[in-house]
Amino acid sequence: MSDALRPVGRTRLYEQVLDRLRGYAAESGLKAGDRLLPERELARRLGVSRASVKQAIVVLEVQGLVEVRQGGGTYLVGDGLDAEPVERLVERRRRLPDVLEAREAMETKLAELAAERRTDEDLAALREALAHMAEEIAQGGHGAEGDRRFHAAVTAAAHSALLADFMRSIADDIAESRRESLRQPRRPGRSLAQHQRIFDAIEEGRGKAAAAAMRRHVRTVAKVRLLDWEPEQDVEQAAE
């Protein structure tokens with residue numbers, strides 16, 4: 001039977017608020033560092049409750065698009081509020097714990113093997129990755145490419161073809177977890193410092209220390225705003 005007359009989906013009210021905020025930011029030409037109107041004023045203009053505005057702002061914060069300063073308002077992190085669809089965000093939240101669990105299991109072992117098997121060429125690649133990440137951060141970026149190169153260099157230094165295949169099989173999920181982590185406030189610099197400690201242990205041939213340093217790092221990666229977010233499951237009415 002045709003699904004043309006399947007039940008009509010209903011949009012959560014805060015998703016409608018998100019759409020309005022996106023349009024408002026574009027029409028107003030808001031840029032990084034600009035402050036949004038207070039929640040109370042946004043609620044008044046949109047004709048919704050402050051709770052719906054707050055839910056929408058939490059979604060923007062989870063995606064790293066705004067920074068909420070305690071008692072100081074909400075500020076854009078970048079130019080515009082081009083948020084991804086909420087359902088995609090919910091799916092990423094569902095999948096992320098499994099990805100992080102797999103990363104901890106595999107990457108701690110890779111770091112240990114790297115400390116035992118690394119060559120001079122491997123160490124050079126690790127140093128280059130650290131330098132690249134440091135340069136990205138110094139220029140105001142998140143250091144994502146340097147981060148990717150560092151973890152790829154650790155995998156290569158382990159000289160385990162099968163583990164490398166496993167890592168390639170979840171490369172897209174790892175990239176997603178990397179982006180999620182590095183857009184947390186002050187995370188890029190902390191991540192770089194943790195990479196340095198991993199490198200030091202690998203360079204010195206201390207396998208257990210390298211594994212422990214990598215475990216601490218991946219557990220830091222797991223501390224993201226997305227996992228604290230509880231998406232609203234009940235569909236709200238268009239009017240409150």
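FYI, side chains are in, hydrogens and waters are out, and symmetry mates aren't considered; it's all heavy atoms of this structure.
Around atom CG of D228, more than 12 heavy atoms belonging to other residues, nucleotides or ligands sit under 6.0 Å away. Within 6.0 Å of the CD atom in E101, the count of heavy atoms belonging to other residues, nucleotides or ligands does not exceed 12. The number of heavy atoms from other shown groups lying within 6.0 Å of CZ (R20) does not exceed 12.
Under a 3.5 Å cut-off, the side chain of S28 and the backbone N or O of Y24 do form a donor-acceptor pair. Judged purely by atom type and a 3.5 angstrom limit, E136 uses its side chain to pair as donor or acceptor with the backbone of G146. Side-chain N or O atoms of R148 include none that pairs as donor or acceptor with a backbone N or O of R178 at under 3.5 Å. Although no hydrogens or angles enter the test, the distance criterion places no donor-acceptor pair under 3.5 Å between the side chain of E39 and the main chain of V53. With hydrogens and angles disregarded, no donor-acceptor distance shorter than 3.5 Å links the side chain of R40 to the backbone of R50. Without hydrogens or angle criteria, Q184 side chain to E180 main chain gives a donor-acceptor distance under 3.5 Å.
Listed by first and then second residue, the ring pair (Phe, Tyr, Trp, His ring centres under 6.0 Å) pairs that reach into residues 185-212 are F150-H195, H151-H195, H195-H217, sequence neighbours excluded.
By the 4.5 Å heavy-atom criterion applied to side chains, E176 and R95 are counted as neighbours. Using a 4.5 Å cut-off on side-chain heavy atoms (C-beta onward), M133 and S191 make contact. The side-chain heavy atoms of V17 and Q55, taken from C-beta on, include no pair separated by under 4.5 Å. Considering only heavy atoms from C-beta on, D122 stays 4.5 Å or farther from I202 through its side chain.
V58 and V68 fall within the same hydrophobic cluster, defined by Ile, Leu, Val, Met, Phe, Trp and Tyr side-chain heavy atoms under 4.5 Å apart, directly or through other members.
Atoms CG and NZ, from D79 and K31 in turn, are 4.5 Å apart once rounded to the nearest 0.5 Å. Here OG1 of T74 is found 9.5 Å from CD of E67. Values are rounded to the nearest 0.5 Å. Separation of atoms CZ (R216) and CD (E104) is listed at 12.0 Å; rounding is to 0.5 Å. Atom CG of L226 is separated from atom OG of S177 by 11.0 Å, given to the nearest 0.5 angstrom. For the atom pair L60 CG and L18 CG, the distance stands at 5.0 Å (nearest 0.5 Å). The line from CG of L126 to CD of Q196 is 10.0 Å long, rounded to the nearest 0.5 Å.
Of all heavy-atom pairs spanning L227 and A222, the tightest one is CD1-O, 3.5 Å.
Checked against salt bridge (Lys or Arg N to Asp or Glu O under 4.0 Å), E203 has the following partners two or more places apart in sequence or in another chain: R127.
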ask   = Run the salt bridge (charged side-chain N to carboxylate O under 4.0 Å, His left out) check on R197 and D200 step by step: do they pass?
value = CA-CA 5 Å; R197 287 190 284 272; D200 291 343; over 6 Å; no
